[in-house]
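First the proteins, then the strands, lettered A, B, ... as listed; each starts at 1.
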Protein chains: 2
Amino acid sequence: MSEMQKKEARQRILDAATSLFSKKGYAGVGVREIAKTADVNISMISYYFQGKVGILKEIIDAFHDAYHRVIMDGIDEHKPPEECMRSVIRNLVHFIRTHTELAMAAIHALPLDIPEIAERKAERVSEAFEGINGLVARLGLDPHDVVQMSIVGQALISIIATHFRLRSIQEHVFDIEFDDAFYERYTETISALFIDGITGMAAENQN
Amino acid sequence: MSEMQKKEARQRILDAATSLFSKKGYAGVGVREIAKTADVNISMISYYFQGKVGILKEIIDAFHDAYHRVIMDGIDEHKPPEECMRSVIRNLVHFIRTHTELAMAAIHALPLDIPEIAERKAERVSEAFEGINGLVARLGLDPHDVVQMSIVGQALISIIATHFRLRSIQEHVFDIEFDDAFYERYTETISALFIDGITGMAAENQN
DNA sequence: GCTTTAATCAAACGTTCGTTCAAATATAAT
DNA sequence: ATTATATTTGAACGAACGTTTGATTAAAGC
């Protein structure tokens, strides 16, 4: 029971901060608002996380642990790279859709002006790229061409993440309902864009 | 002279805020820091912009005015759509490269939890999409397919904008120098990705 | 020269910020 | 039951927040 409540208070802080950071950004949220949302005393934040920035570090790590796993789950050396790419994109869309707040907090809400945060983010991003780069190479891109490699890996996550960040705005611009059917087509479309785009690029590289 | 200095103080505030917002986000910057950077008294911010949020509105408008112009400049009904797409991407990359702080402030630093800001952003985004959508339709996508249309337009800007936001991190992950040569290849690569990707999607739509 | 308007200034308003600390309560181990 | 450890509390710290005010200086119109 004590072990339960301990975890519960800690977890409530984490959940509240994730939700608030995703909506208002790290700097836009105060510790009092986090504490109030989590229904804990303000001091508990420093007690469990050694300060506001400590919460963010855990959020970044939690996201990238899952993010890395999601990418790796889609990659199978015994399957054709096109199928792997579809799996990765499908997994990625599903993951960010079901963990939107975590993803937004760990991607868009980050204060990159804090060196501590920028460094940690860089480490985790490079880790994620390792998985993607191998897959992109199997699709025909030259793995030593850092320009192409850096673009494709970054484009993959930025498109999907930005879609969720601007979803409320897109809802206003177009007249779309973001239901299961939408994301089925969304996954297909992004997959087609990347697979056709990459194989097209690879073909041009031959010339 | 008085007319000069008047504009200069106003412009210095705008420039300082743009630079600071782009680095730390809107909520991460205080009016005192803006005033100090611009070398003006704090009161001048309310005097010229009716408060901190007034600066951001001007930044959003300034960016989207230029952004819209840049897109339209690349579109020419008498040229093939592939060539237009290349021009738009080239213009876009060049524009954001030469106005990185303005773009970051108007895209990534936005506090979308402020309804006032979210609405204004939505209006200007929908305006920009109008131009792109016509071009994408000429490349073969069904203009009534809102899913594909919404994805391609959003993907275009999010890839490029996110590249500049995460440039310092990518510099750490890969070992790239972001010089003229890089952006020449960058423009080619993004163009190839989109043109091949879109035409590939269009071909599949026929089935 | 005098009046009107625009621009700049220092100072203060009341809030909120992140963090700390000692005291109090609850749980675990002995 | 008592000690030790973990959790929670309320209060306070100085600093920074965005905004407003009234006075002061500069410029323009007449």
Between [options], which nucleotide gets closest to the side-chain atoms of [X]?
| X | options | value |
| --- | --- | --- |
| Tyr47(A) | dA6(D), dA6(C), dT20(D) | dA6(D) |
| Val31(B) | dT19(C), dG10(D), dT19(D) | dT19(D) |
| Lys52(A) | dT19(C), dT20(D), dC21(C) | dT19(C) |

Identify, between Gly28(A) and Ser46(A), the residue whose nearest nucleotide on DNA chain C lies closer to the 5' end.
Gly28(A)

Quick check on DNA chain C: between Ala27(A) and Arg32(B), whose nearest nucleotide comes earlier from the 5' end?
Arg32(B)

Length of the [atom1]-[atom2] vector between [X] and [N], whole Å:
| X | N | atom1 | atom2 | value |
| --- | --- | --- | --- | --- |
| Met44(A) | dC21(C) | CE | P | 17 Å |
| Ile45(A) | dG18(C) | CD1 | P | 8 Å |
| Asn41(A) | dG18(C) | CG | P | 15 Å |
| Glu33(A) | dC17(C) | CD | P | 7 Å |
| Lys36(A) | dT9(D) | NZ | P | 14 Å |
| Ile55(A) | dC17(C) | CD1 | P | 13 Å |
| Tyr26(A) | dG18(C) | OH | C1' | 9 Å |
| Lys24(B) | dA16(D) | NZ | P | 12 Å |

Can you find a side chain N or O atom of Tyr48(B) that sits less than 4.0 Å from OP1 or OP2 on dT8(C)?
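Indeed, a polar side-chain atom of Tyr48(B) lies that close.
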
For Val29(B), report the nucleic acid contact type (base, sugar-phosphate, nothing); a contact means any heavy atom under 4.0 Å.
sugar-phosphate

Identify whether any heavy atom of Ile42(B) sits under 4.0 Å from a base atom; if not, whether one sits that close to sugar-phosphate; answer base, sugar-phosphate or nothing.
base

Side chains of His108(A) and Thr162(A) in contact at under 4.5 Å (non-hydrogen atoms):
yes

From Ile89(B) atom CD1 to Arg86(B) atom CZ, the distance as rounded to the nearest 0.5 Å:
8.0 Å

Separation of Asp142(B) CG from Gln148(B) CD (nearest 0.5 Å)
7.5 Å

We want to know whether Tyr67(B) and His99(B) form a side-chain donor-acceptor pair, criterion being a heavy-atom distance below 3.5 angstrom.
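No, because no side-chain N or O of Tyr67(B) sits under 3.5 Å from a partner of the opposite role on His99(B).
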
Does the plane of the ring in Tyr183(B) sit parallel, tilted or perpendicular to the ring in Phe178(B)? Use 30° and 60° as the thresholds.
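The arrangement is tilted - the two ring planes meet at 30° to 60°.
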
